[in-house]
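A short worksheet on the structure shown next.
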Amino acid sequence: MTRAAVAVIGGGVMGASVAYHLAALGERDVVILDRADAPGAGSTGRATGGYRAQYATAINVRLSLLAREKLRRFAAETGIDPGYAPAGYLWLAASAGELDVLRAGRVVQHAEGLAEAVEVSPAEIAGINPAIRMDGVVGGAFCPTDGFIRPLRMLEGYLAASARLGVRQVWGAEVCGLRRDASGRVVEVETARDRIAVGAVVNAAGPWAGPVAALAGVTLPVTPLRRQIATTTPCDLLPADMPMTIWAGDGFHLRVRGGRVLLLWPTPGVPGQPFDASVDPAWVDAVVAMAHARVPVLRGATIDRPACWAGLYEMSPDKHAILGAAEECPNLFLINGSSGHGVMHAPALGQLLAEIIGHGRAQTLDVTALEPGRFAAGRMNAVSGLL
Ligand SMILES: Cc1cc2nc3c(=O)[nH]c(=O)nc-3n(C[C@H](O)[C@H](O)[C@H](O)COP(=O)(O)OP(=O)(O)OC[C@H]3O[C@@H](n4cnc5c(N)ncnc54)[C@H](O)[C@@H]3O)c2cc1C
């Protein structure tokens with residue numbers, strides 16, 4: 001039997017961030033346990049690397065602004081460049097209703113200090129991204145400080161910096177049991193090769209957070225949702241600094257990464273197989289047809305079918321993160337359910353959870369809106385289809 005003050009289950013960007021921030025606060029007796037043989041096997045390694053602060057709720061804007069501040073000093077803090085590149089996020093509306101949703105989001109964004117988020121006219125959109133076919137586009141939204149990050153560099157940075165502070169990392173360590181004592185606290189974490197006596201546990205298991213919480217008898221409403229990505233072969237059809245461009249109506253979006261154009265369009269996962277992360281060839285055909293219609297220059301691109309990939313979002317019922325101690329288990333801490341925004345928010349959420357564990361409450365931001373108990377209490381955050 002070994003011991004740790006805090007065991008972090010999951011060595012993706014969330015687990016690495018909270019481990020780093022715990023160590024930075026002075027709690028260095030931390031172990032990261034991950035069932036994969038090496039870092040990046042979960043959603044963090046599948047993410048495209050978008051960063052935005054254009055959200056529709058105050059808490060999400062605040063998380064993004066805190067994360068942006070931390071991304072700007074990430075290299076100084078960890079020694080690794082997180083690749084924050086403010087190329088902008090451009091949203092396109094095809095109806096007055098869609099434009100109204102973008103406007104309502106902007107009221108929240110401006111109230112939180114994101115003054116550079118603006119409405120853009122069709123003429124301005126054509127100037128920002130000349131590759132778009134403008135038929136049917138009635139207006140949009142643009143924020144120049146939104147843009148891109150490098151998920152695996154961020155993971156690498158937090159793992160390296162936490163290791164320097166003494167955090168242990170164990171790969172190939174699947175957690176298969178969480179034992180609670182009579183008071184309800186988790187006292188032991190069991191892996192295939194070890195039993196670890198613990199003071200606290202962090203569930204940072206991404207899309208698998210529900211099954212991990214269940215090991216302690218805790219019900220956590222986080223469900224996986226497949227997201228697929230089609231990629232072209234390397235080409236110069238679109239500029240490397242093109243903003244992330246999103247059709248608000250159906251969520252189709254595209255960006256350029258590493259010389260390739262990435263095409264995304266959200267669809268439901270495979271019925272009855274929530275953890276299936278295979279690529280559906282018919283989906284690739286459909287998303288390519290959308291790209292040809294909306295960005296005509298892409299008719300000259302070649303799709304690299306073997307390089308297309310899929311991964312799993314970790315959805316919560318209101319598409320907001322779940323942060324803090326589980327209601328039923330006071331030393332099981334949750335950093336889950338970011339619903340597809342987890343890489344960009346990991347710097348903020350990791351710091352905030354470390355504050356909760358170390359100081360009893362988050363000090364940098366009020367995170368009441370993210371409390372695990374909000375679903376049972378009927379305090380869900382407003383869900384916006386677009387933002
Ligand atoms: C296609 C796609 C595109 C995305 N694009 C973006 C984007 O542009 N911007 C953005 O911010 N976010 C994006 N996301 C979301 C983002 O990837 C996630 O929110 C984020 O990576 C979650 O990090 P995590 O550390 O919680 O999960 P993960 O990276 O999945 O890490 C969880 C870890 O837990 C481990 N684990 C699971 N069960 C156990 C167990 N029982 N014992 C031990 N270890 C276990 C896994 O091996 C894994 O390494 C995208 C996601 C996908 C799928």
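Counting convention: from 1, in listed order, for ligands and their atoms alike.
- Residue-level proximity to ligand 1 for Asn336 is absent, since no heavy atom of it falls below 4.0 angstrom.
- Considering both main-chain and side-chain atoms, His345 never comes within under 3.5 Å of ligand 1 through any nitrogen or oxygen pair.
- Residues Trp265 and Phe252 keep their aromatic ring centres 6.0 Å or farther apart.
- Less than 4.0 angstrom separates some heavy atom of Arg227 from each of these atoms of ligand 1: 1 (C).
- The distance from ligand 1 to the heavy atoms of Gly311 drops below 4.0 Å at these ligand atoms: 53 (C).
- Counting protein heavy atoms only, atom 39 (C) of ligand 1 is closest to Arg35 CD, 3.8 Å.
- Distances between N or O atoms of Ile149 and those of ligand 1 include no value under 3.5 Å.
- In terms of protein heavy-atom proximity, atom 23 (O) of ligand 1 is nearest to Thr44 OG1, 3.5 Å.
- Looking at Ile229, Val343, Leu264, it is Ile229 that brings a heavy atom closest to atom 1 (C) of ligand 1.
- When hydrophobic side chains of Ile, Leu, Val, Met, Phe, Trp and Tyr are connected at separations under 4.5 Å, Phe375 ends up clustered with Ile9, Val31, Leu33, Val170, Val175, Leu178, Val186, Val189, Ile196, Val198, Val201, Val212, Leu215, Val218, Leu220, Val222, Ile322, Leu332, Leu334, Met380.
- Atom 2 (C) of ligand 1 has its closest protein heavy atom at Arg46 O, 3.7 Å.
- Annotation: atom 17 (O) of ligand 1 to nearest protein heavy atom, Ser43 O, 3.2 Å.
- Near Gly10, the atoms of ligand 1 lying under 4.0 angstrom from a non-hydrogen atom of the residue are 33 (C), 34 (O), 35 (C).
- Between Glu190 and Arg179 there is no salt bridge, since no side-chain N of the basic residue sits under 4.0 Å from a carboxylate O of the acidic one.
- Polar contact check, Val13 against ligand 1: a nitrogen or oxygen pair lies under 3.5 Å apart.
- Within ligand 1, counting atoms from 1 as listed, the ones closer than 4.0 Å to a heavy atom of Glu314 are 18 (C), 19 (O), 20 (C), 22 (C).
- Proximity of a side-chain donor or acceptor of Arg62 to a complementary backbone N or O of Thr57 within less than 3.5 Å is not detected.
- Considering backbone and side-chain N/O atoms, Trp309 never comes within less than 3.5 Å of an N/O atom of ligand 1.
- In this structure, Phe148 and Tyr89 have tilted ring planes: the angle between them lies in the 30° to 60° band.
- Ring pair His341/Tyr55 is perpendicular by interplanar angle, where above 60° counts as perpendicular and below 30° as parallel.
- Listed by number with element, the atoms of ligand 1 under 4.0 angstrom from any heavy atom of Gly206 are 26 (O), 27 (O), 32 (C).
- Atom numbering of ligand 1 starts at 1 in the shown order; those under 4.0 Å from a heavy atom of Trp208 are 30 (O), 37 (C), 38 (N).
- Closest to atom 13 (C) of ligand 1 among all protein heavy atoms lies Gly340 O, 3.1 Å.
- The shortest N or O to N or O distance between Asp34 and ligand 1 is below 3.5 Å.
- Taking a cut-off of under 4.0 Å to the non-hydrogen atoms of Pro207, the atoms of ligand 1 that pass are 30 (O).
- In this structure, the side chain of Gln273 does not engage the main chain of Val270 through any donor-acceptor pair within 3.5 Å.
- Side chain of Thr245 to backbone of Leu90: no donor-acceptor contact under 3.5 angstrom is found.
- Geometric assessment of Arg35 against the ring of Trp208 yields a positive cation-pi assignment under the 6.0 Å and 45° thresholds.
- Considering every non-hydrogen atom in both Ser278 and Asp276, the closest pair reads OG-OD1, 2.6 Å.
- Between Met154 and the options Ile80, Leu159, Thr44, Leu71, a side chain to side chain contact (heavy atoms under 4.5 Å, CB included) holds for only Leu71.
- Neither the backbone nor the side chain of Ala41 has any atom closer than 4.0 Å to an atom of ligand 1 (non-hydrogen atoms only).
- The side-chain contact (heavy atoms from CB on, under 4.5 Å) check on Asp285 picks up Arg305, with sequence neighbours excluded.
- Taking every heavy atom of both residues into account, Ala321 and Leu349 meet most closely at CB-CD1, 3.9 Å.
- For atom 41 (N) of ligand 1, the nearest protein heavy atom (residue, atom name, distance) is Val175 O, 3.2 Å.
- The shortest contact between atom 11 (O) of ligand 1 and any protein heavy atom is with Met344 N, 2.7 Å.
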Item checked: Check against salt bridge (Lys or Arg N to Asp or Glu O under 4.0 Å), Arg180 and Glu188 -> CA-CA 7 Å; Arg180 293 167 71 177; Glu188 192 179 297; over 6 Å; no

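- The closest approach between Ala173 and ligand 1 falls below 4.0 Å for a heavy atom of the residue.
- At least one N or O atom of Met14 sits closer than 3.5 Å to an N or O atom of ligand 1.
- For atom 9 (N) of ligand 1, the nearest non-hydrogen atom of the protein is Gly50 O, 3.0 Å.
- When every heavy atom of Ala93 is checked against every heavy atom of Leu102, the shortest pair comes out as CB-CD1, 4.1 Å.
- The shortest N or O to N or O distance between Gly49 and ligand 1 is below 3.5 Å.
- Considering backbone and side-chain atoms alike, Gly11 places every N or O at 3.5 Å or more from each N or O of ligand 1.
- Considering both main-chain and side-chain atoms, Ile9 never comes within under 3.5 Å of ligand 1 through any nitrogen or oxygen pair.
- Distances between N or O atoms of Gly342 and those of ligand 1 include at least one value under 3.5 Å.
- The closest donor-acceptor contact from the side chain of His21 to the backbone of Ser17 lies under 3.5 Å.
- Between Glu314 and Ser338 there is a side-chain heavy-atom pair separated by less than 4.5 Å.
- No part of Pro151 comes within 4.0 Å of ligand 1, judged by heavy-atom distances.
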